[in-house]
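Report on the following structure.
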Amino acid sequence: MTLLRIENLRPCIFKEALSFELENGESIGLSGPSGSGKSLLLRAIVDLDVHEGEVLLDGVPRTDFSASEWRHTVGMLPPESRWWKEFAGEHLHSPEAAPLDQLGLTPSILKQPVSELSSGERQRLSLARLIANNQPRVLLLDEPTANLDAVNTQRIEALVENYRRDTGAGVIWVSHDIDQLQRTSDRQYRVEAGELHTIDEALQ
Amino acid sequence: MIPVGPLELGISAFLVLLTGICAHLLRLGISRNIAIAAIRTVAQLLLIGLVLKALFASTNALFIGLLSLLMLAIAGREVLARQHRRLKGWWGYGIGTTSMFLSSFTVTILALQVIIAPDPWYTPQYAIPLLGMLLGNTMTGVSLGLDRLTEGAWERREVIEARLILGEDWNEAIGDIRRQSIRSGIMPIINSMAAAGVVSLPGMMTGQILAGASPVHAVNYQILIMFLISAGTLLGTMGAVWMGSRRLFDHRERLRLDRLQRP
């Protein structure tokens with residue numbers, strides 16, 4: 001069943017409007033050179049920038065949701081995590097719901113000042129924060145493993161895979177790493193100069 | 001009161017000239033600003049002296065109203081000029097001016113009608129200086145508050161968006177920045193209330209004492225004025241910062257930094 005339908009969406013630098021669908025429990029991979037508009041596409045879906053087009057969740061148009069309801073349900077993980085309170089734990093509504101163990105983190109990390117955490121720890125914590133606070137139906141992941149070593153990259157991939165399987169959430173995964181997209185996605189698109197190209201499985 | 005004439009003014013102008021020469025020699029790059037500000041002081045005060053003289057002689061409600069609006073318009077212009085990243089279009093001027101109008105005029109009218117109660121209530125000897133002091137101080141609060149708001153939103157745009165992404169509404173996402181902006185807007189008046197009489201003798205009180213009023217009367221007036229100013233500044237700053245923060249988001253609660261001018 002269709003979870004998210006993107007209709008004639010045109011982020012500002014895109015030449016043409018684009019349309020595609022994301023099924024329940026499906027994962028779509030997006031690759032493409034830097035500056036090609038991958039992040040802008042995710043930002044448009046989550047509705048952070050002004051753009052043309054419509055997005056529907058379970059057939060319900062985005063405009064029927066309040067802005068905060070929409071972003072709560074369609075969760076995006078930006079490439080750089082941001083924190084505004086002193087301690088990591090203060091950013092979580094219910095710390096016990098955060099999948100820390102699966103990300104190789106211990107609960108004591110929540111009592112540490114964010115400024116003392118490494119960029120990799122912050123990166124993993126921000127995914128834990130998104131999942132625990134919002135339990136999104138759609139996960140838009142923008143380079144979620146860019147700062148991580150192989151072990152932690154594998155942990156993130158496994159966590160997203162489990163989350164997708166357990167909740168039926170849909171995932172759009174942006175990465176430069178084609179191998180990673182092959183591991184994590186059911187289908188792939190390539191974004192190039194503001195255009196979306198289907199990657200034909202047969203040609204790979 | 002001992003009158004001050006052209007000779008006395010000339011001596012004080014000489015001091016400003018010396019300051020300007022020092023600034024020039026030290027290459028502070030502000031000699032021009034000092035000269036323009038000094039000339040503006042002389043021209044503006046001479047002009048307002050003449051206007052007040054005519055106004056006090058007639059007590060014409062229409063003229064008093066027009067002069068009040070002119071003062072408001074100029075204060076609005078000053079608020080705009082002091083902002084590094086101002087809102088584009090009419091909003092940059094409108095938000096500051098509207099909030100100063102709502103706060104300063106309300107507090108002034110309340111003070112004139114209920115507290116001081118001259119007859120008629122718009123007697124210019126009371127109305128114009130009172131409004132002037134309120135506008136002057138509210139202007140500082142509003143311009144500091146708005147400047148801090150737009151600068152804060154610009155610097156912390158990624159945090160604001162991260163909070164929006166996690167499902168906070170615009171009000172929560174910019175809440176911290178808005179609180180800081182209001183605080184910095186009202187800090188000057190809080191400082192001057194705290195220092196009043198200990199570190200500095202406020203200008204109006206000094207003026208009344210120089211004019212021969214009893215210090216006790218002058219002090220009572222000064223307390224009244226300080227309280228009115230703090231109420232007006234707080235109201236004006238809160239109003240301006242709230243309106244400004246709302247304008248930074250659109251109907252879909254997207255952070256719209258494109259509504260700010262580049263500095």
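In what follows, every chain begins at residue 1, and chains take the letters A, B, ... in the order their sequences are listed.
- The CZ atom of A:R82 sits 9.0 Å away from atom CZ of B:R157, with the distance rounded to the nearest 0.5 Å.
- At least one side-chain heavy atom of B:L166 sits less than 4.5 Å from a side-chain heavy atom of A:L130.
- Within the 4.5 angstrom heavy-atom criterion, only side-chain atoms of B:D250, from C-beta onward, approach chain A.
- Contact count versus chain B (heavy atoms, under 4.5 Å) is highest, among A:H91, A:E80, A:M76, for A:M76.
- The two atoms that bring A:W84 and B:V159 nearest to each other are CB-CG1, 3.7 Å, heavy atoms only.
- Annotation for A:H51: atom NE2 counts as buried by contact number, over 12 foreign heavy atoms lying within 6.0 Å.
- Interface with chain B: from residues 58-67 of chain A, residues A:R62, A:T63, A:F65, A:S66, A:A67 qualify, criterion being any non-hydrogen pair under 4.5 Å.
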Distance-only criterion, 3.5 Å: show the donor-acceptor pairs between side-chain atoms of residues 31-46 of chain A and protein atoms not counting sequence neighbours.
{"residue": "A:S36", "atom": "OG", "partner": "A:P33", "partner atom": "O", "Å": "2.7"}
{"residue": "A:S36", "atom": "OG", "partner": "A:V191", "partner atom": "O", "Å": "3.4"}
{"residue": "A:K38", "atom": "NZ", "partner": "A:G32", "partner atom": "O", "Å": "2.8"}
{"residue": "A:K38", "atom": "NZ", "partner": "A:P33", "partner atom": "O", "Å": "3.2"}
{"residue": "A:S39", "atom": "OG", "partner": "A:D142", "partner atom": "OD2", "Å": "2.7"}
{"residue": "A:R43", "atom": "NE", "partner": "A:D49", "partner atom": "OD2", "Å": "2.8"}
{"residue": "A:R43", "atom": "NH1", "partner": "B:E161", "partner atom": "OE1", "Å": "2.8"}
{"residue": "A:R43", "atom": "NH2", "partner": "A:D49", "partner atom": "OD1", "Å": "2.9"}
{"residue": "A:R43", "atom": "NH2", "partner": "B:E161", "partner atom": "OE1", "Å": "3.2"}
{"residue": "A:R43", "atom": "NH2", "partner": "B:E161", "partner atom": "OE2", "Å": "2.9"}

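- The parts of A:V50 that come within reach of chain B are both its backbone and its side chain, each placing non-hydrogen atoms under 4.5 angstrom from that chain.
- Proximity to chain A (any heavy atom under 4.5 Å) is shown, for B:R163, by both the backbone and the side chain.
- Heavy atoms of other residues, nucleotides or ligands lying less than 6.0 angstrom from CZ of B:R246 number more than 12.
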Fill in: Criterion side chain to side chain contact (heavy atoms under 4.5 Å, CB included) on A:L48 and B:I165, from CA distance to verdict
CA-CA 8 Å; A:L48 284 176; B:I165 288 170; 3.8 Å; yes
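- Residues A:D47 and B:E253 have side chains not in contact (no heavy-atom distance under 4.5 Å, counting atoms from C-beta outward).
- Nearest approach of B:G167 to A:S68, heavy atoms of both residues: O-CB, 3.3 Å.
- By the neighbour-count criterion of 12 heavy atoms within 6.0 Å, atom NZ of B:K88 is densely surrounded, having more than that number from other residues, nucleotides or ligands.
- Between chain B and the residues A:H72, A:E69, A:R71, the largest count of heavy-atom pairs under 4.5 Å involves A:R71.
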